[in-house]
Amino acid sequence: MKVLLVEDNPTDAFLIQKLLKSSREIPFEVDVSETLSAALEYLSGESAEVILLDLGLPDSKGLSTLEAILAAGSATPIVVLSGMDDEKAAYQAVQQGAQDFLEKGSIDRKGLVRSLLYAAERQRLRTELEEARLREHELAYHDSLTGLPNRRLFYDRLGQAIEHAKRDKTMVGLMFLDLDGFKNINDSLGHGAGDSLLKAVAERLESALRSSDTVGRIGGDEFTVIVENIQWAQDAFHVADTIMRSFEKPFEVEDHEFFVTTGLGVSFYPEDGEDIESLVKRADVAMYRAKAEGKNKYCFYNPSMDAQSLGRLKLQSNLRKAVERDEFVLHFQPQVNLVDGNVFGVEALVRWEDGERGLIPPGDFIPLAEESGLIIPLGDWVMREACRQVKEWEEEGLEINLTVNLSAHQLRFEHLIESVAEAIMDSGLRPERVGLEITESVAMNDVDLSIKMMKHIKDMGVNILIDDFGTGYSSLSYLTRFPIDKLKIDRSFMRKIPQSRNDVALASAIIALAHDMNFEVVAEGVETEEQLRFLNERGCHAMQGYYVSKPLPAKSFMEWLVVNNPN
Ligand code: C2E
Ligand code: MG
Ligand code: MG
């Protein structure tokens with residue numbers, strides 16, 4: 001064990017060295033400094049395992065000697081040597097960080113050696129404890145994957161930033177980021193790759209920002225940035241720009257190179273909120289707004305995005321994710337020929353399979369999908385999946401027709417024709433087997449556009465059905481101009497048949513009209529035998545409704561069909 005003995009009295013130094021040299025427990029190597037400055041000089045170059053320190057030196061007296069050694073930053077354990085008269089100082093020295101003290105007059109070999117060994121051991125334990133504490137702190141406040149501040153530390157830092165800004169009369173910008181399509185990457189490349197990407201994003205963010213900005217990770221693919229010392233909102237625009245631009249370069253993960261974008265929302269102290277909670281909430285709202293607008297977007301909070309719309313924004317953003325993640329399923333409702341009773345077709349009806357909320361009906365998300373333009377990719381998926389399924393059945397020996405619903409937005413989408421044609425072609429179905437359902441109100445909304453699109457659809461050999469007929473106040477003269485194959489009587493008419501004379505009259509009139517104009521007519525929402533009898537009497541061609549079957553998942557539909565329509 002290497003000992004630094006700081007002792008100006010040559011006799012004392014000699015005695016102590018002699019005791020240590022004769023130690024039988026372990027060998028000691030002793031270096032001696034006679035002054036404090038010599039000791040400090042020594043410690044700056046060399047290291048000892050223990051320091052034996054006399055407090056009274058030529059250039060320093062008492063506790064300040066100890067303080068000077070401790071202040072030199074040496075973690076070396078110190079055992080203080082005291083004279084008979086300054087035992088009190090020695091005791092204080094222990095309180096201040098020395099490991100032990102020995103009274104010069106009564107030192108024996110055994111006591112000296114034990115004191116030094118214990119001092120070294122205690123110091124080792126103390127260091128270990130200190131390191132464990134640091135590690136624990138690191139874990140409690142940092143994200144173990146990226147090393148960034150976690151949610152807890154992020155809240156602390158935001159609180160501090162607000163305090164500073166209050167004092168300095170500056171602004172704080174709070175940014176929330178959520179990567180676009182992260183789940184996809186995770187699912188397709190594996191969690192390892194996902195983790196690597198998150199690390200790469202963390203690094204990218206840190207290098208894009210000033211060291212005074214705090215980057216944190218508060219959840220899966222959610223990051224935060226606290227931008228301090230903002231004088232003008234403009235400054236935050238620059239920071240947001242810088243962040244968005246930092247995503248322009250591809251990320252390299254496990255030999256793959258790919259592009260990732262992010263949605264970003266910003267709120268400001270004090271304008272958007274003066275406390276942590278409201279700033280966080282509003283940055284969140286702004287981020288959801290950005291996500292709802294599409295990929296690679298950023299958005300600054302403004303009060304019109306009030307909390308009320310948050311639910312809606314979240315839904316919209318979840319819907320976008322759902323489209324990326326393929327969280328949809330199709331159910332199929334049989335269509336029955338009323339003349340021979342055979343199932344000749346199915347209508348494909350989409351449902352959203354949300355992990356948390358279960359199966360969501362189309363009425364709850366189609367309007368939102370329309371509003372956000374998501375109906376285009378969603379409609380494309382529906383078309384492809386429906387064709388694929390019906391083709392699969394065809395290959396199993398079941399020849400069946402398919403109808404798919406089109407929304408208003410899709411009809412206005414210039415590439416609709418191409419994407420429908422592609423979906424049908426890719427599936428290998430014959431176009432004559434496929435029909436598109438367009439609701440009456442949509443068709444009437446822009447008659448010229450509808451006619452144009454319907455003609456294109458007909459040119460492909462695909463059928464056209466007017467859905468929910470009777471609710472849209474068609475001018476009957478237009479009906480002759482649409483190249484239609486079938487009318488579907490809205491289910492609201494069925495509900496009160498045969499009780500309501502009005503509805504009986506209306507439904508009868510629609511059926512007669514269809515006959516006269518040479519359209520086929522399909523009744524929707526048939527739930528009772530009486531309704532069925534009514535339809536038969538009027539010569540309605542076909543029907544759909546719970547009386548026959550609810551819309552069913554593909555597998556159940558096949559099972560149902562085997563039982564109910566063996567032909
Ligand atoms: P729709 O095209 O008129 O579809 C018929 C709706 O009536 C379906 O509701 C079906 O489950 C329901 N229905 C069928 N038989 C009966 C019955 O006997 N009684 C009652 N009470 N209801 C019956 P669903 O599946 O909730 O769909 C609602 C609407 O959402 C559809 O009305 C359609 O306009 C729209 N939709 C569904 N799937 C899609 C899609 O893939 N794309 C688009 N653009 N719209 C879709
Ligand atoms: Mg329909
Ligand atoms: Mg309908």
Side-chain angles (χ1 to χ4, degrees), residues 1-138 140-141:
M1 176 176 274
K2 195 167 166 191
V3 179
L4 171 64
L5 173 60
V6 189
E7 175 61 81
D8 60 326
N9 183 321
T11 315
D12 290 345
F14 175 76
L15 280 173
I16 288 171
Q17 287 188 77
K18 195 164 168 244
L19 288 176
L20 289 178
K21 291 270 160 64
S22 65
S23 145
R24 271 165 289 169
E25 287 86 350
I26 58 164
F28 286 94
E29 182 192 331
V30 185
D31 288 326
V32 183
S33 298
E34 289 173 10
T35 60
L36 173 65
S37 50
L40 292 175
E41 165 87 39
Y42 176 93
L43 287 172
S44 70
E46 302 238 10
S47 66
E49 278 158 87
V50 189
I51 300 170
L52 256 175
L53 180 66
D54 181 7
L55 292 181
L57 297 171
D59 52 349
S60 175
K61 298 268 181 271
L63 284 178
S64 53
T65 310
L66 175 68
E67 277 163 20
I69 299 272
L70 287 172
S74 158
T76 317
I78 300 168
V79 173
V80 166
L81 294 168
S82 71
M84 304 267 252
D85 45 341
D86 53 359
E87 201 175 310
K88 192 168 153 233
Y91 184 66
Q92 282 174 339
V94 169
Q95 286 185 316
Q96 292 205 1
Q99 290 287 352
D100 198 359
F101 70 87
L102 297 169
E103 208 179 291
K104 275 190 198 169
S106 51
I107 298 178
D108 59 5
R109 184 179 51 82
K110 244 180 158 172
L112 174 64
V113 170
R114 181 170 354 118
S115 174
L116 292 180
L117 291 180
Y118 283 13
E121 182 58 16
R122 266 199 303 275
Q123 182 71 19
R124 196 181 60 73
L125 286 175
R126 183 189 280 183
T127 311
E128 246 173 40
L129 194 67
E130 189 61 26
E131 279 168 3
R133 238 185 244 135
L134 279 176
R135 262 200 310 277
E136 193 184 325
H137 184 272
E138 175 75 18
Y141 288 93

Please report the interatomic distance [atom1]([X]) to [atom2]([Y]), rounded to the nearest 0.5 Å.
{"X": "L19", "Y": "R109", "atom1": "CG", "atom2": "CZ", "result": "8.0 Å"}
{"X": "L36", "Y": "S64", "atom1": "CG", "atom2": "OG", "result": "8.0 Å"}
{"X": "L20", "Y": "L15", "atom1": "CG", "atom2": "CG", "result": "11.0 Å"}
{"X": "S23", "Y": "F28", "atom1": "OG", "atom2": "CZ", "result": "5.0 Å"}
{"X": "D8", "Y": "D54", "atom1": "CG", "atom2": "CG", "result": "5.5 Å"}
{"X": "R135", "Y": "E138", "atom1": "CZ", "atom2": "CD", "result": "10.5 Å"}

Exercise. Counting N and O atoms only, with roles assigned by atom type, does the side chain of E49 sit under 3.5 Å from a partner on the main chain of K2, one being a donor and the other an acceptor?
Worked result: yes
Exercise. Hey, does the side chain of Q123 reach the backbone of A75 with a donor-acceptor pair shorter than 3.5 angstrom?
Worked result: yes
Exercise. So do V30 and L52 actually touch side chain to side chain, heavy atoms under 4.5 Å?
Worked result: no
Exercise. Is any side-chain heavy atom of M1 closer than 4.5 Å to a side-chain heavy atom of L117?
Worked result: yes
For [X] and [Y], which heavy atoms make the closest approach, and how far apart are they?
{"X": "V32", "Y": "A13", "result": "CG1-CB, 4.5 Å"}
{"X": "K61", "Y": "L57", "result": "NZ-O, 2.6 Å"}
{"X": "L70", "Y": "Q96", "result": "CD1-O, 3.5 Å"}
{"X": "Y42", "Y": "S47", "result": "OH-O, 4.4 Å"}
{"X": "T35", "Y": "P58", "result": "CG2-CG, 4.0 Å"}
{"X": "P77", "Y": "A119", "result": "CB-O, 3.6 Å"}

Exercise. Are L55 and L66 close enough, and set up right, to give a side-chain contact (heavy atoms from CB on, under 4.5 Å), and what steps lead you there?
Worked result: CA-CA 7 Å; L55 292 181; L66 175 68; 4.2 Å; yes
Is [X] atom [atom1] crowded by more than 12 heavy atoms from other residues, nucleotides or ligands, each under 6.0 Å away?
{"X": "K110", "atom1": "NZ", "result": "no"}
{"X": "K18", "atom1": "NZ", "result": "no"}
{"X": "E136", "atom1": "CD", "result": "no"}

Exercise. Would you say the side-chain atoms of Y118 and D100 include a donor-acceptor pair closer than 3.5 Å?
Worked result: no
Exercise. I51 and side chain to side chain contact (heavy atoms under 4.5 Å, CB included): which partner among L5, V79, V3, L43?
Worked result: L43
Exercise. Which pairs, with at least one residue in residues 117-126 and sequence neighbours excluded, count as a salt bridge (Lys or Arg N to Asp or Glu O under 4.0 Å)?
Worked result: E121-R124, R124-E128
Problem set entry | N-O pairing of E130 and R133 below 4.0 Å | yes
For this session: Only counting residues at least two apart or in another chain, list the ones meeting salt bridge (Lys or Arg N to Asp or Glu O under 4.0 Å) with D12.
Result: K104
For this session: Using the side-chain contact (heavy atoms from CB on, under 4.5 Å) rule, take L4 and S33 through it: C-alpha gap first, then chi angles, then the decisive distance, then the call.
Result: CA-CA 7 Å; L4 171 64; S33 298; 3.5 Å; yes
For this session: Quick one: do V80 and L102 satisfy side-chain contact (heavy atoms from CB on, under 4.5 Å)? Show the steps, please.
Result: CA-CA 6 Å; V80 166; L102 297 169; over 6 Å; no
Problem set entry | Which residues share a side chain to side chain contact (heavy atoms under 4.5 Å, CB included) with S44, sequence neighbours left out | none
